[in-house]
Amino acid sequence: MPTENNLTFFYFPRACSLAVHIALEELGLPYERRIVDLRTQENRDPSYLATNPNGAVPALTINQQTLTETQAILTYIGDRDTTGSLLPQPGNFLRYRAHEWMNFMSSSVHTYVRSIFRSSVYAGKNKVANSSVNAQGLINLAKAVSTVERRLENKTWALGDNFSVADAYLFVMYLWTTDERIARVPDRPNWEQLAKRVWQRPAVQRVVAIERQDRNYEIPWE
Ligand SMILES: N[C@@H](CCC(=O)N[C@@H](CS)C(=O)NCC(=O)O)C(=O)O
């Protein structure tokens, strides 16, 4: 198997790609960053579509192959960490817990927030349908918050005692929940504490500083 050392990361600041950005920085292997500007729809540019036909970030090119989907990329990065610290190794039950978290972020929390930020993705151009999708998004997000709060009860990190790629994902989704476009969201003290712990990590502060050079965004407690 060739050594997979040639990593190119495609991202946009504070998009879901931030979870991957954090994981890459935590991993500590060299990688090249390429910003894909979602504001100018660079993600629809033929040159980017040739890399990722889905036209979304994140994407990670590993030598000649491109991997998409946050959960898959986080799994890949976690497995490159041979100490098993970023993602528990096969056979360790915590690995499945990590997937439980990551899939919940991707298939539930992300989609609920999307239905609030960009209801037209689901409702098309119809105004009434858009406001209905938005309202349902708030209800769904509130339900997801209670799931996250319950699962984080008495935990330092998502998997218990150690930071993992699941925490990077929870951090980004927490930031999204603080966005002013979300009219109402229940208090979420466990999630907030976890996000604050993630923020304390030097790799996270490095990544956010880099991303903010292209698009400034708030860290709510800063
Ligand atoms: N299921 C994908 C979703 C990726 C996604 O929706 N990325 C957003 C940024 S958070 C994006 O690139 N949106 C651009 C678009 O869809 O036009 C994942 O989890 O990676």
Side-chain angles (χ1 to χ4, degrees), residues 7-25 27 31 33-62 65-79 86-87 98-125 130 133-134 137 140-141 144 147-148 158 164-182 185 195 198 204 207-208 210-212 214-219:
L7 302 176
T8 308
F9 169 51
F10 298 87
Y11 75 103
F12 183 67
R14 211 194 70 152
C16 51
S17 51
L18 173 56
V20 172
H21 207 169
I22 290 170
L24 279 168
E25 198 70 17
L27 179 65
Y31 62 97
R33 292 183 189 90
R34 300 236 186 111
I35 189 160
V36 179
D37 200 327
L38 300 183
R39 293 166 299 198
T40 58
Q41 297 204 314
E42 200 183 345
N43 54 318
R44 300 276 154 216
D45 218 86
S47 66
Y48 184 64
L49 291 175
T51 301
N52 179 5
N54 299 338
V57 292
L60 184 69
T61 298
I62 305 144
Q65 307 201 70
T66 298
L67 195 57
T68 64
E69 297 298 323
T70 305
Q71 178 174 2
I73 304 172
L74 288 176
T75 304
Y76 173 81
I77 295 169
D79 282 350
L86 286 179
L87 179 67
H99 279 292
E100 186 180 44
W101 272 118
M102 291 191 286
N103 197 45
F104 187 67
M105 291 300 113
S106 147
S107 66
S108 298
V109 178
H110 187 154
T111 59
Y112 302 155
V113 174
R114 185 191 286 127
S115 65
I116 300 166
F117 288 179
R118 296 170 64 209
S119 53
S120 63
V121 171
Y122 303 112
K125 291 193 172 130
N130 270 279
V133 164
N134 185 293
N140 292 339
L141 182 60
T147 302
V148 171
S164 70
V165 290
D167 297 297
Y169 212 164
L170 273 154
F171 175 76
V172 180
M173 292 297 131
Y174 178 81
L175 286 188
W176 285 11
T177 67
T178 66
D179 191 285
E180 61 191 11
R181 286 169 288 178
I182 298 183
V185 59
V198 173
V204 178
V207 157
V208 170
I210 289 165
E211 292 203 348
R212 279 169 155 175
D214 293 296
R215 180 199 183 202
N216 200 14
Y217 55 83
E218 277 185 23
I219 301 295

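Counting starts at 1 for both ligands and their atoms, following the listed order. No experiment lies behind these values; they were computed from the predicted model shown.
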Partner set under salt bridge (Lys or Arg N to Asp or Glu O under 4.0 Å) for Arg114, not counting sequence neighbours: none
Please tabulate, for side-chain N and O atoms in residues 9-16, each donor-acceptor pair with protein atoms closer than 3.5 Å (sequence neighbours left out).
| unit_1 | atom_1 | unit_2 | atom_2 | d |
| --- | --- | --- | --- | --- |
| Arg14 | NH2 | Asp179 | OD2 | 2.8 |

Between Asn130 and Ser120, which heavy-atom pair has the shortest distance, and what is it? OD1-N, 2.9 Å
Short N or O contacts of ligand 1 with protein, under 3.5 Å, listed by atom name?
| unit_1 | atom_1 | unit_2 | atom_2 | d |
| --- | --- | --- | --- | --- |
| ligand 1 | 1 (N) | Glu69 | OE1 | 2.7 |
| ligand 1 | 6 (O) | Arg114 | NH2 | 3.2 |
| ligand 1 | 7 (N) | Val57 | O | 2.8 |
| ligand 1 | 12 (O) | Val57 | N | 2.9 |
| ligand 1 | 17 (O) | Asn43 | ND2 | 3.0 |
| ligand 1 | 17 (O) | Arg44 | NH2 | 3.4 |
| ligand 1 | 19 (O) | Thr70 | OG1 | 3.3 |
| ligand 1 | 20 (O) | Thr70 | N | 2.9 |
| ligand 1 | 20 (O) | Thr70 | OG1 | 2.8 |

Under 3.5 Å donor-acceptor pairs involving side-chain atoms of residues 46-56, not counting sequence neighbours:
| unit_1 | atom_1 | unit_2 | atom_2 | d |
| --- | --- | --- | --- | --- |
| Ser47 | OG | Asp45 | OD2 | 3.3 |
| Tyr48 | OH | Ala56 | O | 2.6 |
| Asn52 | OD1 | Asn54 | N | 2.9 |
| Asn52 | ND2 | Ala56 | O | 2.7 |

What I'd like to find out is whether the side chain of Ile116 reaches to under 4.5 Å of the side chain of Tyr112, using heavy atoms alone. no
Taking the basic N atoms (NZ, or NE/NH1/NH2) and the acidic carboxylate oxygens, is any pair closer than 4.0 Å for Arg34 and Glu42? no
